[in-house]
Structure formats: structure tokens, C-alpha cells
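Inspection log for the structure reproduced underneath, given as C-alpha cells.
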Amino acid sequence: MTHDTTALNRKRHRFDGVAEVWLFGYGSLIWKADFPFIERRPARLRGWSRRFWQGSHDHRGTPDAPGRVLTLAREPGATCFGIAYLVTPAVFDALDHREKNGYLRHLETLEFDDGRCVDGLVYIADEHNAAWLGPAPDAAIAGQIAAAHGPSGANRDYVLHLADALRAHGAEDAHVFAIECELRRIVA
Ligand code: SIN
């Protein structure tokens, strides 16, 4: 698969006759909502976990020195907290561009705090994309993040903003907080 998944995503879901779509954000989409939305609310995705396993050549790193950003990995029994946004289909033009480095839109079931479930689109990058980095020890992940910078800024800010946002929502995430802890130790 090429790095740029924009064209693939355009073909994956057609929005003919659809006025509103739920989008689930679990990474930068939690704290950087630079797109218009009708409504947003906390939500959960069952069976997936956040992992810093995706390379970033276009936002938090460069092709020569990729950063590490989040994707979701399947994990039976796990629950991933995130923010669901109700958006118009037009919003996906900008989102497909923002998430073009290996992410594909998936249709998943989102669960709200009141127990209501809706279908929503989620950007997930799997091991078949060209920017995939995969698992590594926490210290190695944090070391790579500490050193990486890209057009959207320092890779470390991606982690620190997310960790702060998760805490603000009272959400637990052992992987994110472990990487944050290593990162704070390295940059101290
Ligand atoms: C997301 O936030 O939902 C996708 C990954 C990212 O852009 O950080």
C-alpha cells in the first residue's frame, strides 16, 4: 500500500444521501478538532487498544526520521476511550488528507456513556501500510518520539497533549501513560 491513503478512503465509503456521520477520534482527533462538527461526546470502542505503532512522515516526523503516532490494535476484551464527533460527509475531504499517511476508514460500533450504540467511522492504520512501525519496547518508542519533529510540530507534544486530554476525561490508558512517563524522563 502507498503512503497516501486518500484515494483508497474516498472509495471505501460513499456518502450518497447521508447528511450526518459519526467519527471516532482516539489520538490527535481527541484534542485537535480543527474541523466543524455538529455535536461531540465521549465514546468507547470495544475490542481495540491505542498503540504508538504507526510511523509519521508528514505530521510528527519526516520520511528520513519518522515519528510515532497512534493507531488501534485489536485486543479482545479491551475498551478504547475516545471522542465521537457528528460531522457532515464534507468534513472527510479534510480528514482524509490529515490522516493520509496509512490510515483507512473503518466502520465500527461506538458506545456512548448512556449505553446508546451508533455506527461510526474510525481511522486505523494496520501492519499492511507503508508507514507501519509496529511494536517496540516502551523506552525505544519514547526515545524515537523524543527525537522526532515534523511539519505539525514536535512528536512529544502529540503524546503530552493526548495524555493530558485523557486525564481530563478521567480515561485510563496504560500504554499511553507508560510512554508519557518514559518520555518525561528522557526530556527532563
Ligand atoms: C485519531 O486521532 O483518531 C487518529 C490518529 C491521529 O490522528 O492521531
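Atoms within each ligand, like the ligands themselves, are counted from 1 in listed order. Count residues from 1 along the sequence.
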**Study point:** Derivation and outcome, salt bridge (charged side-chain N to carboxylate O under 4.0 Å, His left out), residues Glu180 and Arg185
**Key:** CA-CA 9 Å; Glu180 181 203 16; Arg185 201 177 48 75; over 6 Å; no

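Of all protein heavy atoms, the one closest to atom 2 (O) of ligand 1 is Gly27 N, 2.8 Å. Looking at atom 5 (C) of ligand 1, its nearest protein heavy atom turns out to be Glu99 OE1, 3.7 Å. Looking from atom 8 (O) of ligand 1 to the surrounding protein, the closest heavy atom is Tyr158 OH, 2.5 Å.
Taking only nitrogen or oxygen atoms, main chain and side chain alike, Tyr26 reaches within less than 3.5 Å of ligand 1. Note: an N/O pair closer than 3.5 Å links Ser28 and ligand 1 by distance alone. By the 3.5 Å distance cut-off applied to N or O atoms, Arg98 is not counted among the residues near ligand 1. Polar contact check, Leu70 against ligand 1: no nitrogen or oxygen pair lies under 3.5 Å apart. Of the polar atoms of Ile30, none of the N or O atoms is found under 3.5 Å from an N or O of ligand 1, judged by distance alone.
In this model, no donor atom of one side chain and acceptor atom of the other lie less than 3.5 Å apart for Gln54 and Thr71. Residues Asp4 and Thr6 have side chains that bring a donor and an acceptor to within less than 3.5 angstrom of each other. A side-chain N or O of Asp96 and one of Tyr123 form a donor-acceptor pair less than 3.5 Å apart.
Atoms of ligand 1 lying under 4.0 Å from at least one heavy atom of Gly25, given by number and element, are 3 (O).
Here the side chains of Tyr158 and Val69 are in contact, with some heavy-atom distance below 4.5 Å.
No cation-pi contact links Arg44 to Phe81, judged by a cut-off of 6.0 Å to the six-membered ring centre and 45° from its axis.
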